[in-house]
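Have a look at the structure below before the remarks.
Only a predicted model underlies this, so the values are computations on that prediction, with no experimental measurement involved. Residue numbers run from 1 in the order of the sequence given.
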Amino acid sequence: DSQVRVMENTVANTEKYFGQFCSLLAAYTRKTARLRDKADQLVKQLIDFANSENPELRATMRGFAEDLAKVQDYRQAQVERLETKVVNPLKLYGAQIKQTRAEIKKFKHVQNLEIKQLEKLEKLRQKSPSDQQMISQAETRVQRAAVDSSRTTLQLEETVDAFQRQKLKDLQKFFSDFVTIEMVFHAKAVEVYSSAFQTLEKYDLERDLLDFRAKMQGVYGHHDTRLLANTNPSPSVLQSLASQGTLQVQLSRANEDPEHPHANHGRFSLCECVVKGQPAHCVCGQGGHLMLPGLSL
């Protein structure tokens, strides 16, 4: 009985835990497939986004999307290998468990027959101790049942031993295959992700900003205007021209004031001014006075 219990516990534990392994690994594979699908959607969105951007970012995003798509190709291979080498064999393990359990049940039936034949023999000996013919026939049946039981016991031991050996071997293979599949995927993924990282690192943000600013200027008419530090001629130039007796500087002004005493319709003229009580030569114009020696009011 203890031997049978050990056999039954072995089969029951295998059925329980292998069933859980199968369920969890199948769920793991399905989630990996869903992750692949989500990543495919991300690749599509990246390409759509790239097509709407400037050339520099467009090239970078397309390169990144291509690398991400390669990873999903490896992930697809990962899913297929997990299903083929891990999940499906675990599913088929139920048939082996069922067969082994049937062998145990058969052994128990043969064992029960032997016990019943022994019980009948004991009853016959007690009831009819003088009926040697009946007792002899009962003893023959007991011997036959014992032989069947012994043969069945040997067969069952071999069956359960083979089952246990195969279980341990398969367990080792299932998870070795699982780890190998994962290592192959991650090794390939790291290689491609390294390329994707380099693609992103090479992205020239400043060039993209220049393209963007140029596009903004082209669309909205915003030009790069630089303020001049001083639009008036330098005093040295004015003094040189004044020494020749002529000074006419044509200026473009948005608003002219004809009421100003020195307004000359956008032209400078040479005049005499009083600066700190002293007469001085000045250049007079719409913007005010400029003393030729270098002092301006």
About how many Å separate OH of Y17 and CG of L24, when rounded to the nearest 0.5 Å?
12.5 Å

Begin with the C-alpha distance, continue with both residues' side-chain angles, and end with the deciding distance and a verdict on ring-ring contact (aromatic ring centres under 6.0 Å, His included) for Y203 and F64.
CA-CA 11 Å; Y203 169 58; F64 175 63; over 10 Å; no

Return yes if some donor-acceptor pair links the side-chain N/O of T84 with the main-chain N/O of R81 below 3.5 Å, else return no.
no

So which atom in R58 and which in A50 form the shortest heavy-atom distance, rounded to 0.1 Å?
CG-O, 3.1 Å

About how many Å separate OG of S23 and NZ of K91, when rounded to the nearest 0.5 Å?
10.0 Å

Is any side-chain heavy atom of N13 less than 4.5 Å from a side-chain heavy atom of F18?
no

From L171 atom CG to Y93 atom OH, the distance as rounded to the nearest 0.5 Å:
8.0 Å

Could you tell me whether a side-chain N or O of N88 sits under 3.5 Å from a main-chain N or O of E83, the two making a donor and an acceptor?
yes

Under the 3.5 angstrom rule, does the side chain of N9 hit a backbone N or O of R5 as a donor-acceptor pair?
yes

Would you please test R62 and N51 for side-chain contact (heavy atoms from CB on, under 4.5 Å) and show each step?
CA-CA 9 Å; R62 282 181 176 175; N51 291 335; 2.4 Å; yes

Can you confirm whether E182 sits close enough to D177 that some side-chain heavy atom of one is under 4.5 Å from a side-chain heavy atom of the other?
no

In sequence, state the C-alpha distance, the side-chain angles, and the governing distance for D40 and R36, and then conclude on side-chain contact (heavy atoms from CB on, under 4.5 Å).
CA-CA 6 Å; D40 285 340; R36 173 208 59 206; 4.0 Å; yes

How close do A65 and I47 get, heavy atom to heavy atom, and via which atoms?
CB-CG1, 3.9 Å

Nearest non-hydrogen partners of V43 and A69, listed with the distance:
CG2-N, 3.8 Å

N/O donor-acceptor pair under 3.5 Å between S195 side chain and E191 backbone:
no

Which is it for Q164 and K167 under the side chain to side chain donor-acceptor pair (under 3.5 Å) test, yes or no, and what are the steps along the way?
CA-CA 5 Å; Q164 180 70 3; K167 181 193 78 173; 3.1 Å; yes

Indicate if L200 and V71 have the same hydrophobic cluster label, given that clusters are the connected sets of ILVMFWY residues with side-chain heavy-atom separations under 4.5 angstrom.
yes

Would you kindly confirm whether I181 and F185 end up in one hydrophobic cluster when ILVMFWY residues are joined by side chain heavy atoms under 4.5 Å apart?
no

Please tell me if the side chains of L35 and K31 come closer than 4.5 Å, counting only heavy atoms from C-beta onward.
no

Going hydrophobic residue to hydrophobic residue with side-chain gaps under 4.5 angstrom, can you get from L168 over to V11?
no

Where E15 and I97 come nearest, the two heavy atoms and their spacing
CA-CD1, 3.4 Å

Can you get from F178 to M183 by hopping between Ile, Leu, Val, Met, Phe, Trp and Tyr side chains that sit under 4.5 Å apart?
yes

Salt-bridge contact D211-K215 (side-chain N to carboxylate O under 4.0 Å):
no

Nearest 0.5 Å please: distance from the OG1 atom of T159 over to the CZ atom of R101.
14.5 Å

Could you go through Q45 and Q41, starting from their C-alpha distance and side-chain angles, then the distance that decides it, and tell me whether this counts as side chain to side chain donor-acceptor pair (under 3.5 Å)?
CA-CA 6 Å; Q45 289 298 316; Q41 293 178 17; over 6 Å; no

Transitively linked via ILVMFWY side-chain contacts under 4.5 Å: L46 with L205?
yes

Tightest non-hydrogen contact, residues Y28 and Q78, listed as OH-NE2, 4.4 Å

Any non-hydrogen side-chain atom of Y193 less than 4.5 Å from a side-chain atom of L68?
yes

Report the distance from atom CZ of R30 to atom CG of L82, rounding to the nearest 0.5 Å.
12.5 Å

Distance, nearest 0.5 Å, that separates CG of L90 from CZ of F174
4.5 Å

Flag, side chain of N54 to backbone of L57, donor-acceptor distance under 3.5 Å
no

Heavy-atom neighbours of R34 CZ exceed 12 at 6.0 Å:
yes

Would L210 and E206 count as a side-chain contact (heavy atoms from CB on, under 4.5 Å) here? Give the steps.
CA-CA 6 Å; L210 287 176; E206 293 300 329; 5.6 Å; no

Tell me, do R213 and L209 make a side-chain contact under 4.5 Å, heavy atoms counted?
yes

Intermediate values then yes/no, side-chain contact (heavy atoms from CB on, under 4.5 Å), V192 and K188
CA-CA 6 Å; V192 178; K188 293 290 186 180; 5.6 Å; no

